[in-house]
Each structure stands twice: as structure tokens, then as C-alpha cells.
Amino acid sequence: MPLVPTSSIVDAAREARVGAAAFNVIHLETAEALVTAAERTDIPLILQISENCIRYHGSLLPLTRATLALAEGSTAPIAVHLDHITDVELVRQGITAGVGSVMVDASALPYEENVATTAELTTWCHDRGAYVEAELGEVGGKDGVHAPGARTDPDEALAFVRATGVDALAVAVGSSHAMHERTAVLDKDLIAALHTALPVPLVLHGSSGVPDDELRRAIAAGMTKINISTHLVSVFTRSIRHTLGADPSLVDSRKYIKPAREAVAEEAARLLDVLGTPATVPGQYAAQAPARG
């Protein structure tokens with residue numbers, strides 16, 4: 001089916017109070033695995049390409065064009081998104097290449113500069129029909145807004161959304177990037193307060209460290225877009241280690257990458273089911289956070 005807009009996936013998930021899954025592409029094999037997962041479940045999926053990934057590959061276009069081609073050729077509803085982009089030129093290259101959305105990441109800048117940079121790029125993207133996610137940084141935060149102890153202030157977040165015109169906001173509620181264990185406990189009361197205060201969908205970064213039930217509770221409280229990368233990368237790597245350990249004589253990379261690709265497809269499909277099913281958790285948080293258009 002044709003490539004779908006990120007907005008259609010996020011808005012439909014928000015209305016249904018389920019999670020909009022956003023999984024990161026590292027290389028072609030992970031993109032193939034993620035598309036396979038979406039096709040097996042028939043659940044919409046956002047494929048994300050980060051600035052770190054672009055730097056690894058040396059340029060934006062080769063992997064981005066391949067990911068767009070996979071999405072366009074899939075039977076599942078798939079969007080392609082640029083994640084954590086700090087380089088203005090990469091924003092422009094990606095949108096020009098056909099990517100439908102971008103996370104403009106100016107969170108390392110002081111607040112006023114973050115607002116000015118994000119607002120300018122949001123206007124540029126909107127003029128070209130692209131959807132924009134942003135992040136409200138925390139001044140002085142060693143690990144940025146997604147240090148485990150960092151928290152987003154609802155009033156400041158609302159002011160930021162109004163000043164920039166962004167379509168979605170990544171917020172700090174207790175998750176952290178690059179966690180290898182799924183042990184994070186999120187601030188569901190804050191999620192509910194942010195959902196009530198903001199007119200745009202909330203995005204959870206660092207979701208790899210959040211267990212399934214906690215993700216369900218976060219969605220019930222008002223979180224919408226759920227970003228997962230490290231967890232699926234770990235699945236890929238564990239599979240390769242297992243295959244090579246079982247047969248150290250292997251030299252054809254296809255013979256150990258293929259089972260790793262399948263392992264990612266299986267786990268991504270499982271996560272899509274987790275995120276795409278309405279949460280059956282106590283309704284205290286959902287009751288505090290009525291959906292807003």
C-alpha cells in the first residue's frame with residue numbers, strides 16, 4: 001500500500017487510546033524485519049531513522065530511500081520518520097527525499113534558542129506537508145531531558161507547543177535512552193497531567209527500558225507515540241551471538257544475519273500487539289486524562 005503519513009498513525013492511535021509504535025531502523029536488515037512484523041500483525045508502524053544512524057552510514061539518502069521503498073511496497077500501513085535530527089540540512093534533505101515527518105531536536109540549546117530553532121523548522125516542514133515532533137530540553141541536565149530523574153513541566157510544555165507549532169512533543173516522565181534492562185517505572189500521574197494540558201500527542205523516548213505492563217499503563221494515562229530502538233538492537237545482536245556460537249565456522253554473513261532478522265521480526269510483532277491493544281489496566285490514570293483534539 002502507499003506510504004502513509006505519520007500523522008494518520010499517531011492521530012488514530014491517540015483517538016483509540018493505543019500506542020503508535022515507532023521502531024528504529026539501523027540498517028536494511030532491521031528495516032526488512034520491522035516491515036515483516038507490521039505485515040504479520042497488520043498494525044501500523046512508524047519506521048524511524050536517527051541522525052546517529054545517518055552518520056553511521058555516511059549520508060542520509062541510501063538507507064532512507066531503501067526504507068521508503070520497503071514502506072511503499074508493503075501491504076501494511078507504514079510511515080517513515082527522521083528521529084533526533086539536530087542538523088538543519090538533514091531535516092531538509094529528508095523531507096525533500098519523501099520522509100513524512102521529523103523529530104527536530106534542539107533540546108540541547110537554551111530554552112529560547114530551542115523555541116526559535118524549532119519554530120523556524122516547523123514552519124518550513126509544515127509548508128511542505130511534513131509532521132514535526134520536538135523535545136523540550138532541561139537546562140543543566142547532564143543526560144538531557146531523558147535522564148531518568150528529569151521531568152517535563154506541563155505549563156512550560158504548553159508554552160513550548162504554542163510557541164513552536166509542533167505536532168507532537170517528546171516528554172520526560174521517567175524513561176532513559178539506551179537502557180538494556182526493562183526496569184523503568186514511569187510517572188503516570190505526570191503523563192495524565194501532560195495529556196490533559198497539551199493539545200498535541202505525547203511521545204515516549206527511551207521505551208526500550210520500559211516493561212510491557214508499564215507501557216500499557218503509560219498509554220492508558222495518555223502517552224501515544226512509543227519509540228523503541230535499543231531493545232530490538234539487543235535482540236538482533238543476541239541472535240547473531242547465538243548463531244555464531246553454535247557454529248563458529250560460519251563465514252557467510254547471510255547465514256547469521258537471516259535468523260537475527262527473523263528474531264527482530266518476531267519481537268517487533270509481539271511489541272506491536274502489546275502497543276496496539278487497548279490497555280486493560282486500572283482506569284485511574286485514563287480518567288484523569290480525557291482525550292483532546
Side-chain angles (χ1 to χ4, degrees), residues 19 21-76 78-85 103 143 146 175-184 204-212 214-215 226-276:
F23 299 160
N24 279 64
V25 171
I26 305 299
H27 34 57
L28 183 59
E29 286 78 9
T30 51
E32 291 169 339
L34 297 176
V35 168
T36 297
E39 291 176 346
R40 288 177 182 174
T41 60
D42 198 30
I43 293 175
L45 175 61
I46 301 165
L47 299 179
Q48 303 194 139
I49 302 172
S50 73
E51 184 165 316
N52 284 339
C53 179
I54 292 166
R55 300 298 181 202
Y56 166 77
H57 287 282
S59 63
L60 178 142
L61 290 178
L63 184 63
T64 300
R65 284 175 171 160
T67 302
L68 287 166
L70 285 169
E72 290 165 354
S74 176
T75 58
I78 295 177
V80 178
H81 173 80
L82 296 181
D83 186 36
H84 281 290
I85 305 297
M103 187 230 174
D143 298 315
H146 293 293
S175 60
S176 181
H177 286 112
M179 286 185 68
H180 294 279
E181 295 183 359
R182 304 184 74 201
T183 57
L204 184 66
H205 285 231
S207 305
S208 288
V210 184
D212 291 354
E214 193 71 356
L215 288 173
I226 309 296
N227 290 11
I228 297 178
S229 179
T230 301
H231 174 63
L232 292 169
V233 171
S234 297
V235 169
F236 190 90
T237 302
R238 282 198 302 271
S239 173
I240 288 179
R241 286 191 175 122
H242 174 77
T243 302
L244 290 177
D247 186 358
S249 67
L250 278 179
V251 294
D252 185 343
S253 60
R254 293 170 296 183
K255 292 185 177 180
Y256 53 83
I257 289 177
K258 183 177 180 179
R261 183 176 60 187
E262 175 58 25
V264 171
E266 289 180 0
E267 178 61 7
R270 191 192 69 79
L271 288 169
L272 282 167
D273 281 328
V274 168
L275 300 178

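With a 4.5 Å cut-off on side-chain heavy atoms, Gln48 and Met103 do not count as touching. By the 4.5 Å heavy-atom criterion applied to side chains, Phe23 and Val264 are not counted as neighbours. Using a 4.5 Å heavy-atom cutoff, the side chains of Leu63 and Ile54 are not in contact.
Of all heavy-atom pairs between Arg261 and Ala33, the closest is O-CB, 3.2 Å. Shown here for Leu70 and Ala31, the closest heavy-atom pair between the two residues is CD1-CB, 3.6 Å. Closest of all the heavy-atom pairs between Ile226 and Gly19 is CG1-CA, 4.4 Å. Closest approach of Thr30 to Phe236, counting heavy atoms only: CG2-CD1, 4.3 Å. Cys53 approaches Val25 most closely through the heavy-atom pair SG-O, 3.4 Å. Of all heavy-atom pairs spanning Leu232 and Ala268, the tightest one is CD2-N, 4.0 Å.
A distance of 9.5 Å separates CZ of Arg55 from CG of Leu60, quoted to the nearest 0.5 Å. Ile78 contributes atom CD1, which lies 8.0 Å from atom OG1 of Thr75 (distance to the nearest 0.5 angstrom). Atom NE2 of His81 is separated from atom OG of Ser50 by 10.0 Å, given to the nearest 0.5 angstrom. The line from NE2 of His84 to OG of Ser229 is 9.5 Å long, rounded to the nearest 0.5 Å. For the atom pair OG1 (Thr67) and CG (Leu28), the distance works out to 7.0 Å, reported to the nearest 0.5 Å. In this structure, CG on Leu204 lies 10.0 Å from CG on Leu275, to the nearest 0.5 angstrom.
Counting only distance, with no hydrogens or angles, the side chain of Thr243 and the backbone of Ser239 share a donor-acceptor pair below 3.5 Å. A distance-only check finds a donor-acceptor pair linking the side chain of Thr36 to the backbone of Glu32 [under 3.5 Å].
Evaluated for a side chain to side chain contact (heavy atoms under 4.5 Å, CB included) with Leu34, the options Ile26, Asn24, Leu47 yield exactly one hit, Leu47. With Arg40 as the fixed residue, the salt bridge (Lys or Arg N to Asp or Glu O under 4.0 Å) test singles out one of Glu267, Glu266, Glu262: Glu262. Only one option out of Ile85, Leu82, Asp83 pairs with Ile49 in a side chain to side chain contact (heavy atoms under 4.5 Å, CB included); it is Leu82.
In this structure, His27 places its NE2 atom where more than 12 heavy-atom neighbours from other residues, nucleotides or ligands lie under 6.0 Å away.
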